[in-house]
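Letters A, B, ... mirror the listed sequences (proteins, then strands); counts begin at 1.
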Amino acid sequence: MHPGREGVQHHGRDVEPALLDGIGESYSVHFDKFDGPMDLLLHLIRKNELDICDIPIAVITRQYLDYIKLMKDLNLEVAGDFLVMAATLLQIKSRMLLPQVEPEEGEEEEADPRAELIRRLMEYQQYKEAGMVIGARALLGREVFVRTCSDPELLAAQNVEGPLEVSLFELVDAFRILLARIPAEHFHDVAAAETFSIADCINEILSLLQDRTTVQFDELVRDELTRERVIVTFLALLELCRLKMIRIFQEGHQGGIWFVPSVTQESVADSLLTSLE
Amino acid sequence: MSLSAIIECVFFTAEAPLSLDRLCELLHEFERDEIKAALNVLVQSCDERDSGIHLVEVAGGWQYRTRPGYQTYVTRHIKAKSAKFSQSALETLAIVAYRQPITRAEVEHLRGVDCGGVLKSLLEKRLVKILGKKDIPGRPLIYGTSKEFLEIFGLKDLKSLPTLKEIQALEDVPHYERQEELPLGQVGVSEGEDLPLLFEA
Amino acid sequence: MSLSAIIECVFFTAEAPLSLDRLCELLHEFERDEIKAALNVLVQSCDERDSGIHLVEVAGGWQYRTRPGYQTYVTRHIKAKSAKFSQSALETLAIVAYRQPITRAEVEHLRGVDCGGVLKSLLEKRLVKILGKKDIPGRPLIYGTSKEFLEIFGLKDLKSLPTLKEIQALEDVPHYERQEELPLGQVGVSEGEDLPLLFEA
């Protein structure tokens, strides 16, 4: 029913009696490891047979905090996410204790401080159950198997390679592993996420030139006509020009700037293939 | 040499599920309709005789697989993959599957916990893949499920995931009527009363 | 679940031919005679229906194989088997993708090994292309990724490549996880008391 959930068994005698107060009499703690605060909340709702749409926030808050205390007592690591939820619960509880402000016209619905939490819980519950339904399927390699071998004579026939199969993650990860291996002085960060770098711009121009033979300077800055963008684009073009990868044209004085790739790939490709032999 | 026998051979030696399109491409001398009919013959043939394997539709293609229930015997001579998924992996996978394309922040909002580690391990297992970047400030990565996800979980396509409504119907926990009195009495706590010991020094 | 269906599953998943002895060992709860009979049923079943595969005795064991005569069809598809990437190809491709425009010498400097062969095969697979020649002595060729590269990885443009930072971020532990005490403790809540003022609207 709960695949992968590690049950941590613990008996009541090891737990402070004060903690058990009010939870139940012969309370033997069957302590599950919860996958986060939402999971714990759902468990409490089910255990108390509560209606998820009308959670008695005081009860739930109390039991929730008891569990966290218990986790600490058992020296289990309490992740920060649990504490964030504890704060949320306390906040909701405090708001429910405050005198009801007369709801203004039209905002009656949101008057319940629990509304947002309930929505999240109901949605979470759906995915939690979906996860269990998915996990209960007959899995390939576990319940279901495919053929593992080919006829030897057929294996011999497979020398031509078909479409490539590799994921983007594998590509990035390969690069990450490589960089972890090489000495630090070679390392400089690959992409500046925040600002638009010259390297980004070069990449953008190169992608554009993969589809077309001519590109106009204005096109590159049209969508984002900022000083930074124009300068970066210009520097990128100069760099590409220096690398002799593009040629730049201008239609007379103050005319539009155009650039074209300076080499066609095929002609160079041939000479290269021989040089690599 | 019938067309269905040819198709049987092709599937028998295929490493991955083959779509009808791909099959038609491979067997270009036959008409699509003929191939479709032959495929049906093969599917039925497995079902009619009491066979240990069957031809099933997964990940947009067809593939011979052993029927569920034979794993006890099969795993005696080949190793079963320890395809053990933790609850958090399954939850995250479900969220990515139903809500894709989705960012890490969105997954975390739904689950209420940090999901970086789980996402990374799903990426490593190739069940989840990076779809690109979202066109919002910060350009966060967006995730979706992979073809391997469909293959491993034996799904024809994403549409054949159980709908969330169906899942709710499966749920065995009864839905409680809105009730005036909550079973608070049993636990001896009432609204507005005591806070727990947690924060005592 | 008949014995012959079980045996069919076992053969279907076996990597090599299985001898009768081995089969009896695997299916120890069945009698040798039963197994022999079930094996015969399977052999006949393949022959009776017009099947593309058959169960044959080879190298002292039994194995499902495609019947002779179907090679023409089978090899078409085997040839189109999807290619897996070697680690060195993946690394080289990653370097080119992230550091383009880049020369062969620069790739080799990073990888610490000769990359001529790998680059050549990437060029042949059209994942990498030559962008031009660098204006330094020797005029080395400059490499970059191709349009096919973007297609294979499903990227809109090079800007959509996930950055290293983003992948590393998956492993980052959220900063609050390390803190010892809940800051709420400071508000001094204790059992039976009312709620603190902390959360006033």
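- At a 4.5 Å heavy-atom cutoff, L93(B) makes no contact with chain A through either its backbone or its side chain.
- S51(B) places no side-chain N or O within 3.5 Å of a backbone atom of D47(B) that could act as its donor or acceptor partner.
- Highest contact tally toward chain A, considering only L155(B), V128(B), V58(B), is held by L155(B) [criterion: heavy-atom pairs under 4.5 Å].
- Other residues, nucleotides and ligands contribute more than 12 heavy atoms inside 6.0 Å of the NZ atom of K120(B).
- Here E123(A) does not pair with R120(A) in a salt bridge; the nearest charged N to carboxylate O distance is not below 4.0 Å.
- For chain A, the option among P68(B), P137(B), A14(B), A89(B) with the highest count of heavy-atom pairs below 4.5 Å is P68(B).
- Note on K79(B), R139(B), H109(B): by heavy-atom pairs under 4.5 Å with chain A, the leading option is H109(B).
- Cation-pi geometry between R111(B) and Y127(A) is not satisfied (NZ or CZ under 6.0 Å from the ring centre, within 45° of the ring normal).
- The shortest distance between side-chain heavy atoms of I55(A) and L121(A) falls below 4.5 Å.
- Most heavy-atom pairs under 4.5 Å with chain A: of the set Q71(B), E124(B), E108(B), R67(B), this distinction falls to Q71(B).
- For F153(B), the parts sitting under 4.5 Å from any heavy atom of chain A are the backbone and the side chain alike.
- Checked for salt-bridge contact, D112(A) and R95(A) miss the test: no charged N lies under 4.0 Å from a carboxylate O.
- Proximity to chain A is limited to the side chain of L161(B), based on heavy atoms less than 4.5 angstrom apart.
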